[in-house]
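Atoms considered below: every heavy atom in the structure, side chains included; atoms not considered: hydrogens, waters and symmetry mates. Here the structure is a predicted model, which means the values were calculated and not measured.
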Amino acid sequence: MKRVQKYSRRLGAGDLYPLFACMLTARSWESVNRGIDQLPITAKEDMEIRTNAATYLPQINKLLNNIPRQMLLLLKTNDLLRGIESALQIRASASSFLNMSRCCIRADSAYRRSKTNSLYRKAQISLSEALSLWQINLYELFLHLKGSHLGNWVIAFLSWMHRCS
């Protein structure tokens with residue numbers, strides 16, 4: 001939780017970092033503390049979030065006024081993606097967020113390349129973009145493997161190898 005606090009503060013959340021973490025994940029503070037990948041979202045938690053949102057409107061307003069505008073855009077996009085997934089009644093997955101991340105990286109890189117005249121700097125930006133996109137692809141592969149039988153087998157095998165060494 002120290003890292004959640006550290007990075008939330010860096011983004012301007014200040015002492016409202018628990019609220020910020022809940023807004024980013026659309027999960028309760030209890031779930032954030034336990035690990036959002038450890039507990040599936042329940043109807044009770046969903047209702048708790050909806051009920052408490054109105055209670056925290058002044059704090060939410062303060063938080064939104066303190067964070068960078070780019071973060072507001074990401075929060076809104078995040079909210080829209082969740083809304084689309086809910087309206088289509090599809091299982092929430094990381095794919096829409098991974099695709100959004102790819103678009104953000106491409107747009108940022110294109111913007112930074114347009115602002116420089118140095119071929120060396122443009123090459124640096126392009127290499128950084130390729131590396132970031134590769135990392136997202138690798139993470140997507142990890143998520144896919146984690147949810148598959150093959151992935152479970154590989155994890156069990158690696159754990160066994162680690163114990164044997």
Are the side chains of C22 and R27 in touch, meaning some heavy atoms are under 4.5 Å apart?
no
Please list every donor-acceptor pair under 3.5 Å in which a side-chain atom of residues 54-62 meets a protein atom from a residue at least two apart or in another chain.
none

How many angstroms lie between OH in Y120 and CD1 in I125, if you round to the nearest 0.5 Å?
11.5 Å
Find out whether L73 and T77 are in side-chain contact, i.e. whether some heavy atom of one side chain is under 4.5 Å from a heavy atom of the other.
yes
Taking only residues two or more places apart in sequence or in another chain, which ones pass salt bridge (charged side-chain N to carboxylate O under 4.0 Å, His left out) with R112?
D108
Test of understanding: with side chain to side chain donor-acceptor pair (under 3.5 Å), list the residues that count as partners of D46, not counting sequence neighbours.
R50
Examine the side chains of E48 and S28 and answer whether a donor and an acceptor come within less than 3.5 Å of each other.
no
Please round to the nearest 0.5 Å and tell me the distance separating atom SG of C104 and atom CG of L74.
5.0 Å
For the CZ atom on R34, are there more than 12 heavy atoms of other groups (residues, nucleotides or ligands in this structure) within a distance under 6.0 Å?
no
Steps toward side-chain contact (heavy atoms from CB on, under 4.5 Å) verdict (L11, Q70):
CA-CA 10 Å; L11 288 169; Q70 296 87 340; over 6 Å; no
Value rounded to 0.5 Å, distance of NZ in K44 from CD1 in I49
12.0 Å
What's the verdict on side-chain contact (heavy atoms from CB on, under 4.5 Å) for E30 and E45, showing C-alpha distance, side-chain angles and the deciding distance?
CA-CA 9 Å; E30 179 184 342; E45 181 183 10; over 6 Å; no
Counting C-beta onward and ignoring hydrogens, is there a side-chain heavy-atom pair between R102 and E140 closer than 4.5 Å?
yes
Under a single-linkage definition using a 4.5 Å side-chain heavy-atom cutoff for Ile, Leu, Val, Met, Phe, Trp and Tyr, are L98 and L88 assigned to the same hydrophobic cluster?
no
Distance from L138 atom CG to L133 atom CG, nearest 0.5 Å?
12.5 Å
Are L24 and M71 packed together at the side-chain level, in the sense that at least one heavy-atom pair is separated by less than 4.5 angstrom?
yes
Quick one: closest heavy-atom pair of S101 and I136, and the distance?
CB-CD1, 3.7 Å
For a side-chain contact (heavy atoms from CB on, under 4.5 Å) check, start with the C-alpha distance between I67 and F20, then their side-chain angles and the critical distance, and finish with the verdict.
CA-CA 10 Å; I67 61 175; F20 186 60; 4.2 Å; yes
So V4 and P18, do their side chains get closer than 4.5 Å, heavy atoms only?
no
When rounded to the nearest 0.5 angstrom, what is the spacing between CH2 in W134 and OH in Y139?
15.0 Å
Is the shortest side-chain heavy-atom distance between T42 and M47 below 4.5 Å?
no
Evaluate the side-chain contact (heavy atoms from CB on, under 4.5 Å) criterion for residues Y111 and R106: first the C-alpha distance (whole Å), next the side-chain angles of each, then the deciding distance (0.1 Å), finally the verdict.
CA-CA 9 Å; Y111 175 76; R106 288 185 186 115; over 6 Å; no
For the pair S126 (side chain) and A123 (backbone), establish whether a donor and an acceptor sit closer than 3.5 Å, ignoring hydrogens and angles.
no
Less than 4.5 Å apart, side chain to side chain, heavy atoms only: is that true for L72 and K76?
no
Output the distance between atom CZ (R113) and atom OG (S128), rounded to the nearest 0.5 Å.
10.0 Å
Heavy atoms, side chains only, cut-off 4.5 Å: are L64 and L75 in contact?
yes
Tell me, yes or no, whether the heavy-atom count around D15 atom CG, taken from other residues, nucleotides or ligands under 6.0 Å, exceeds 12.
no
